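All values below were derived from every heavy atom in this structure, side-chain atoms included, with hydrogens, water molecules and symmetry-related copies excluded. Note that the coordinates shown come from a computational prediction; the quantities given were computed from them, not determined experimentally.
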2 protein chains.
Amino acid sequence: MEAPAVRTAPVAPAAKRPRGRPRKTVDERDDGNRRQALIVGAAKLFRRKGFDATSTRDIAAAAGMQSGSPFYHFKSKQALLFAVMEEGMRSAIAHQQVTLQKAQTQGTSSAELLRTLVRHHFDILLGPGSDFIPVMLYEARSITPKQRTVLAELQSEYEAPWVPVLEALRAEGRLQADVKLARLLIFGALNWSAQWYDRRKGATLEGLTAAAMALFIGEAS
Amino acid sequence: MEAPAVRTAPVAPAAKRPRGRPRKTVDERDDGNRRQALIVGAAKLFRRKGFDATSTRDIAAAAGMQSGSPFYHFKSKQALLFAVMEEGMRSAIAHQQVTLQKAQTQGTSSAELLRTLVRHHFDILLGPGSDFIPVMLYEARSITPKQRTVLAELQSEYEAPWVPVLEALRAEGRLQADVKLARLLIFGALNWSAQWYDRRKGATLEGLTAAAMALFIGEAS
DNA sequence: CCTACCGATCGGTAGG
DNA sequence: CCTACCGATCGGTAGG
């Protein structure tokens with residue numbers, strides 16, 4: 001059995017790498033630069049107008065291309081949507097791991113770990129230039145069942161570090177709710193903020209995090 | 001100044017009332033029965049496929065009509081979407097008031113009131129035949145700013161009874177978080193359940209309510 | 001990656 | 001409320 005190809009999660013968009021012929025997979029090509037421009041532009045448009053209301057012409061224009069050109073990079077509009085979601089998730093997973101490792105040096109309390117996870121989640125959800133995760137959350141209806149399965153696995157991977165933290169809090173008596181339902185409700189509380197949070201208005205991500213912690217485990221702010 | 005026309009909130013769809021000519025407003029007619037069939041069918045389709053992915057032909061077929069006929073009742077597809085949302089909100093407000101009055105007989109505790117509100121919210125969100133509120137929550141992008149303003153007012157009306165309850169809980173020390181942010185986070189936790197809750201699977205609305213209460217105010221289940 | 005284009009679908013309307 | 005229809009837009013493709 002061959003070693004599986006390791007996919008590097010693009011935390012930041014990779015710089016162009018013009019070596020060799022562009023690789024081709026089933027439904028997309030990879031020549032770095034332009035492809036990435038399509039993904040970034042599509043993410044922005046999908047978030048603002050929704051998948052169905054965004055035309056491939058809009059996306060092409062956002063990347064400075066002509067109307068037919070996106071289909072040189074992606075076999076379909078749906079494949080482009082999936083690329084946005086997948087890149088968003090892989091990036092989020094990688095970024096979360098780094099953040100967690102930084103916070104976990106010594107005997108960090110479970111409450112502090114939860115705070116780190118919550119704060120990080122607000123970052124990828126509401127931070128500058130973060131359209132990928134909201135698109136994944138709010139346009140899930142528009143992908144195929146097979147794609148949905150792939151994303152579900154990535155989501156499990158993302159949520160994995162939350163489980164032991166919530167279980168520890170429950171064991172410490174700081175969390176009363178059933179852990180599985182608590183996780184679903186907590187993600188709801190956080191994810192919904194993409195609907196109402198306005199960077200220009202009052203609340204900071206720090207304040208939001210404090211409020212969430214106070215609500216979930218009664219940590220006085 | 002004339003007295004403003006009172007609009008009755010349609011908790012249950014009104015029976016047909018064939019007296020006089022049908023009233024006409026700016027963007028819709030009212031002849032009861034058929035109009036309601038369009039609203040109900042549209043709600044179901046909008047929820048399942050989204051506004052953009054639902055064609056007016058789909059909606060017409062769901063009501064047993066020909067493709068052009070919905071436009072006899074609604075001036076546009078968007079007006080039909082708004083009708084779904086508005087009816088959903090008016091019905092939810094009325095239903096919430098009734099539920100609250102039943103629960104509020106004597107010296108009901110704030111925690112018990114919150115439980116009633118949460119349980120009721122799960123009902124209109126996840127109960128049988130409740131597509132209206134999910135549509136309002138998840139298709140808000142597709143209405144006009146003016147319509148959005150109307151809905152925002154109805155939402156304020158719906159949320160109004162929650163505020164004093166949360167304030168009381170905060171005063172009692174059972175809620176640590178800022179009340180305004182807590183309200184937003186709580187609605188997020190509840191509203192998101194429309195994304196993952198599956199009536200056929202395990203959890204009951206009662207169990208969900210218990211978990212939510214445990215999470216928000218540490219009420220042991 | 002562009003040019004030129006196709007077939008399909010869609011929201012909406014006229015006229016009855 | 002139906003019939004017949006229109007103009008516009010859209011995802012996608014061939015051929016270079």
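Taking side-chain N and O atoms only, A:Q66 has a distance below 4.0 Å to OP1 or OP2 of C:dT3.
Donor-acceptor pairing under 3.5 Å is lacking for the side chains of A:Q147 and A:E86.
As a whole-Å value, the separation of A:L81 CG from D:dG12 P is 12 Å. When the C1' atom of C:dG11 is taken as reference, atom CG of B:L80 falls 12 Å away, rounded to whole Å. The separation between B:F74 atom CZ and D:dC1 atom C1' is 14 Å, rounded to whole Å. Distance B:H73 NE2 to C:dG11 C1': 17 Å, rounded to the nearest Å. Atom-to-atom, CZ of A:F71 to P of C:dT3 comes out at 16 Å; the value is rounded to the nearest Å. The nearest whole Å value for the distance from the OH atom in A:Y72 to the C1' atom in C:dC2 is 12 Å. Between the NZ atom of B:K49 and the P atom of C:dT9 there is a distance of 12 Å, rounded to whole Å. What separates CD1 of A:I59 from P of D:dC10 is a distance of 11 Å, to the nearest Å.
Taking the six-membered ring where tryptophan is involved, the planes of A:H121 and A:F187 are perpendicular, since the angle between them exceeds 60° and thus also 30°. Between B:Y138 and A:W192, the angle of the ring planes goes over 60°, which puts this pair in the perpendicular group of the 30/60° scheme.
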Checklist entry - Is there a side chain to side chain donor-acceptor pair (under 3.5 Å) between A:Q96 and A:W162 once you walk through the steps? => result CA-CA 11 Å; A:Q96 179 177 250; A:W162 294 65; 3.0 Å; yes

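Within the model, atoms CE of A:M213 and CZ of A:R119 stand 13.0 Å from one another, a figure rounded to the nearest 0.5 Å.
Listed candidates were C:dA4, D:dC1, C:dC1. Nearest to the side chain of A:S67 is C:dA4.
Within 4.0 Å of B:S55, counting heavy atoms only, lie sugar-phosphate atoms of the nucleic acid but no base atom.
Nucleotide C:dG15: paired with D:dC2 (Watson-Crick or G-U wobble, both distances less than 3.5 Å). Under the Watson-Crick or G-U wobble criterion, with both distances below 3.5 Å, D:dG7 is paired with C:dC10.
Summary of the strand contacts: B:L38 and B:R57 both lie near DNA chain D, and taking for each the nucleotide with the nearest heavy atom, the more 5' one is attributed to B:L38.
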